[in-house]
Amino acid sequence: MTKKEKICKKQAAREQKFFNKWRRIFQFIITHIGYMIRLKLVYRIEVHGKENIPRDNAYIVAPNHLSTLDPPMVAAVWNRPLAFMAKKELFENPFLRWWLNWLGAFAVDREKLSVATIRTVLTIKKTDWIFGIFPQGTRQEPGIISNVTKGFASLAKTTKCGIVPVGIIGTEVAKYLPFSGKIVVRIGELIPYSENVEEMVEKWIESIQELTGFKYEALAV
């Protein structure tokens, strides 16, 4: 096993004690205070549908993906701490590894879900944190919904969780001047847990289209 593989394996496995109050406080300070100041001052953020957030943690947060700003932004508008998957390559950088660790993130191999990653997702459900994942895997162009993988729905099935779709508009271009940007976040209604993975994927796509106005484009075979 190479050094990079060892790092990925270690950063994919999280025990219940990892999701403690100190990381919760750190995430709150960084996202709800630090990022939210920028989101309000620069991006004039609008959030709709917070009434759709379930009161328990038997669900997965699943936004569309436009920018590196998306994970902390979604965490900033949520009412509970979020534990997002992050591609394993990010954890190879010592500073990013420290930063992501303290924000409650964990590593994933986008080519293949490891047993450690699946166990971590199951562990999160035992805490007061919520598991977050971007079904598109990587950032996509605005206006379309593409590259949707089934992994998020498979994890929902494994954990017996519903899926809360989150539509994001306007994060694809970095802005710095006050009131120079515009972000809209729309939280959709819970997609109930189902044994049918394909059905949950289709419902997520339908919901994100409705929340964002983007159009779905299936990958060419």
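Remember, it's a predicted structure, so these values are computed and weren't measured experimentally.
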Tyr59 vs Trp78 aromatic rings, parallel, tilted or perpendicular, using cut-offs 30° and 60°? tilted
Go through Asp70 and Arg139 one step at a time and tell me if the salt bridge (charged side-chain N to carboxylate O under 4.0 Å, His left out) criterion holds. CA-CA 9 Å; Asp70 297 340; Arg139 289 167 284 170; over 6 Å; no
Using atom types as modelled and distance alone, determine if a side-chain donor or acceptor of Thr120 lies under 3.5 Å from a backbone N or O of Ala12. yes
Decide if the gap between the ring center of Phe84 and the ring center of Trp129 is smaller than 6.0 angstrom. no
Can you find a pair of side-chain heavy atoms, one from Pro165 and one from Leu211, that are under 4.5 Å apart? yes
Whether the Gln16 and Thr123 side chains hold a donor-acceptor pair (N or O, under 3.5 Å, no angle test) is what I'd like checked. no
Parallel, tilted or perpendicular: ring planes of Trp98 versus Trp102, cut at 30 and 60 degrees: tilted
Arg23 NZ/CZ over Phe18 ring centroid, <6.0 Å and within 45° of normal: yes
Tell me whether Glu89 is salt-bridged to Lys87, with the criterion being a basic N under 4.0 Å from an acidic carboxylate O. no
Side-chain heavy-atom pair Glu195, Lys160 within 4.5 angstrom cut-off: yes
Salt-bridged, Lys150 to Glu198, with N to O below 4.0 Å? yes
Should the pair Arg38 and Tyr35 be classed as cation-pi, given the thresholds of under 6.0 Å to the six-membered ring centre and 45° from the axis? no
Stepwise side chain to side chain donor-acceptor pair (under 3.5 Å) test for Gln209 and Ser207: CA-CA 5 Å; Gln209 287 187 108; Ser207 182; over 6 Å; no
